[in-house]
2 protein chains.
Amino acid sequence: MTLTELKYVLAVAREKHFGRAAEACFVSQPTLSVAIKKLEEELGVSLFERGGGGELGITPAGERVAEQAAHIFELVDGIKDLAAQAKDDLQGPLKLGAIYTIAPYLLPELIPQLHERAPKMPLLLEENYTRVLTEKLKKGELDAMIIATPVEDPSILSLPLYEEPFVVAIPADHPWKKKKSLESSELENESMLLLGSGHCFRDQVLQVCPALNRSAQGGLQKTLESSSLETIRHMVASGMGTTVLPCTATRLHSTSDNLLAYRPFTKPAPARVVSLAWRKSFPRPRAIEAIRQAILAAGLPCVEKIRPGKR
Amino acid sequence: MTLTELKYVLAVAREKHFGRAAEACFVSQPTLSVAIKKLEEELGVSLFERGGGGELGITPAGERVAEQAAHIFELVDGIKDLAAQAKDDLQGPLKLGAIYTIAPYLLPELIPQLHERAPKMPLLLEENYTRVLTEKLKKGELDAMIIATPVEDPSILSLPLYEEPFVVAIPADHPWKKKKSLESSELENESMLLLGSGHCFRDQVLQVCPALNRSAQGGLQKTLESSSLETIRHMVASGMGTTVLPCTATRLHSTSDNLLAYRPFTKPAPARVVSLAWRKSFPRPRAIEAIRQAILAAGLPCVEKIRPGKR
DNA sequence: TAAGCGTCATAGAAAATATCTATGAAAATT
DNA sequence: AATTTTCATAGATATTTTCTATGACGCTTA
């Protein structure tokens, strides 16, 4: 049984005439004769009664088959409608991930921007480590992610979006408050608070100031395993030490903010590149583009947008 | 869009793997690749996300299409079921006609017999003149008819079922009551009651006794235009005259029956042949056969069954 | 009642389509 | 890096659909 055959049955049932039905289907009359005969043989019942000169009769079976066929074509049209809707990349939920050190600062700005550009694309958000996000992305549990490390995987595409300079966070009463900017080497002998391993930002900070690795033994560096940048910021405010933050993390103003000061690094300031990444096979390019646009429009302060150069 | 393509979509959605899906469909893997690609292009959306080594992903569109496709196949199976049911010739209503001079005597016997043989075949019955029945049969408003004249029309098939001798009906006090049998020529000078023109039985009686045509002028013959055999029988009982009846019409016993007597013709008695007729194109031969069997089993008295010779 | 017409069926050729085998590309795995 | 898995592509082949031409059959008409 084929949809074409059913279409022909409907036409003949409607026209009660093979010739006219053929015309309506834009095929020749023998085409209908053959197709309907084939279907009748498959079903084992005759659907029409061909009686020489008189009217073409429809058997009760033919009547019922035609009726059912009409329902089938309703569903077929349903598939077409459904596909036409789904054709819109900006329709349907999108699963977006972001690393812990970006999500709390970017998402509040990103979401309204994205909602404006794609109101029919609800977001399913997840914060996690780069490693976990990458795995979920590959498994299809995420559609896109925002990360701060280059992607190696060949099945994943990415686009750098902006560069985020690092800054030093100090307690308000710290002697460095008098300085305009700091050299990374100056951090060596400070009591630095760092995120736990797994956070890429930790690695990036250590790359900027390798001496901190050594100072770990001396007790000057303190790794806070299950913590977040916000927690560390509060600890700095309370005078427990200093830390390095991505500049976007300096924006939130909690009540303890007057206990904190930020100082930039001297140029060229260390920084990280934030990228948007997605599966190479993800079939909604316009959804990716919408996220990119939304991030660029998010109005993050103190970042340098990366526009032209791709990859 | 074809049902085959939808079948493939369902298989891939189910197996989440082109190779296994192909196996399940008993086709090669490239067949699926090509078919699904074709459907994706027609619909303008990708249904699956092929990602090299990892899991095969289904897009939201693919999910919805597969769901709808499943519904379509339910309906397709519905058509098959429906056809399987309809395959039974003895299923579904049958429109049966019979002429006025047969219906009241045959149908009461026929219906229970037929119901026994084809309980799922309800009858739509109609009494009418041969001419009208024939027209309706050709138009499809009837499926079969029981008549007493040979069929000329090439689009109609018929089968003689039984031969029905004629008998003479006389009032109980008629002098002929003493006779064992009658010659048709003896009717010439009797006051005969006849059915109106249009009834084939009238013509058949006139054929048996052409002299009655002449006696019409002499007032001995009386044609009762809008009447029936039953009415005529009552008139005979009341003494208005005599008449000729098909022997099956002598069976009903109304309260006036003791006022009536029947006398056969001398052999060879005039008779008529009752046939079953249907459109050559009518597609339920077993329904026809069931009617034939039911009529032969109907246990009509005084008739001679015609079995072997067809046509 | 034969000729013409309308209608559907059949046959064989042509066209379109579906399927196959073989092979390639890409990413995951060893 | 080599191997394996998985899907895509290409070209050949098989199948199916469709077409043109023609036939059969019954109706209509002269």
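Residue numbers begin at 1 in each chain, while the letters A, B, ... track the order of the sequences. Everything quoted here is computed from the prediction, not taken from an experiment.
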N/O (side chain, Lys37(A)) to phosphate O (OP1/OP2, dC8(C)) under 4.0 Å: no
- request: Return yes if some donor-acceptor pair links the side-chain N/O of Arg20(A) with the main-chain N/O of Glu15(A) below 3.5 Å, else return no.
  value: yes
message: So if I apply the side-chain contact (heavy atoms from CB on, under 4.5 Å) rule between Ile295(B) and each of Val274(B), Leu161(B), Leu159(B), which one comes out positive?
response: Leu161(B)
- request: To the nearest Å, give me how far apart CZ (Arg279(B)) and C1' (dG26(D)) are.
  value: 14 Å
- line: Separation of dA26(C) atom P from Asp153(A) atom CG, nearest Å, is 15 Å
task: Tell me which residues in residues 13-23 of chain A put a heavy atom below 4.0 Å from DNA chain C, sorted by number, or none.
output: His17(A), Phe18(A), Gly19(A)
task: Consider only side-chain N and O atoms of Arg50(B) and Ser33(B), and report whether a donor and an acceptor are under 3.5 Å apart.
output: no
- request: In whole angstrom, give the distance that lies between atom CD of Glu49(A) and atom P of dC8(C).
  value: 13 Å
query: Are any non-hydrogen side-chain atoms of Met1(B) and Leu39(B) less than 4.5 angstrom apart?
result: yes
- request: Quick one: list whatever passes ring pair (Phe, Tyr, Trp, His ring centres under 6.0 Å) with Phe48(B), sequence neighbours left out.
  value: none
- request: Considering only NZ, NE, NH1 and NH2 on the basic side and carboxylate oxygens on the acidic side, decide whether Arg292(B) and Glu289(B) come within less than 4.0 Å.
  value: yes
dT6(D) OP1/OP2 closer than 4.0 Å to side-chain N/O of Arg50(B): no
task: Can you tell me the distance, in whole Å, between the CG atom of Leu157(B) and the P atom of dC25(D)?
output: 13 Å
- prompt: How many angstroms lie between atom CG of Leu137(B) and atom CD1 of Ile156(B), to the nearest 0.5 angstrom?
  reply: 4.5 Å
- prompt: Separation of Leu137(A) atom CG from dA27(C) atom C1', in whole Å?
  reply: 15 Å
- request: Taking salt bridge (charged side-chain N to carboxylate O under 4.0 Å, His left out) as the test, write out the residues that go with Arg14(A), two or more places apart.
  value: none
task: Without swapping roles, check the side chain of Glu40(A) against the backbone of Leu47(A) for a donor-acceptor pair under 3.5 Å.
output: yes
query: Ser275(B) versus Val151(B): any side-chain heavy-atom pair under 4.5 Å?
result: no
query: Can a side chain N or O of Lys280(B) be found less than 4.0 Å away from OP1 or OP2 on dC25(D)?
result: no
query: When the distance from CG of Leu32(A) to P of dA9(C) is rounded to whole Å, what number comes out?
result: 10 Å
Spacing between Leu56(B) atom CG and dT5(D) atom P, to the nearest angstrom: 17 Å
Hey, what are the protein-to-nucleotides 1-4 of chain C N/O distances that come in under 3.5 Å?
none

message: If you only use heavy atoms from C-beta on, which nucleotide in dG26(D), dA9(C), dA27(C) is closest to the side chain of Ser155(A)?
response: dA27(C)
query: Roughly, in whole Å, what's the span from CG in Leu39(A) to P in dT17(D)?
result: 11 Å
Please list, for nucleotides 16-20 of chain C, all pairs of protein and nucleotide N/O atoms separated by less than 3.5 Å.
| from | atom 1 | to | atom 2 | distance (Å) |
| --- | --- | --- | --- | --- |
| dT19(C) | OP1 | Tyr8(B) | OH | 3.1 |
| dT19(C) | OP2 | Tyr8(B) | OH | 3.3 |
| dC20(C) | OP2 | Ser28(B) | N | 2.6 |
| dC20(C) | OP2 | Ser28(B) | OG | 2.9 |
| dC20(C) | OP2 | Thr31(B) | OG1 | 2.5 |

message: My understanding is that only one of Arg279(A), Lys139(A), Lys138(A), Arg284(A) makes a salt bridge (Lys or Arg N to Asp or Glu O under 4.0 Å) with Glu49(B); could you say which?
response: Arg279(A)
Which residue lies more 5' along DNA chain C, comparing Ser33(A) with Pro154(A) via nearest heavy atoms: Ser33(A)
query: Residues two or more places apart in sequence or in another chain: which of them pass ring pair (Phe, Tyr, Trp, His ring centres under 6.0 Å) with Phe18(B)?
result: none
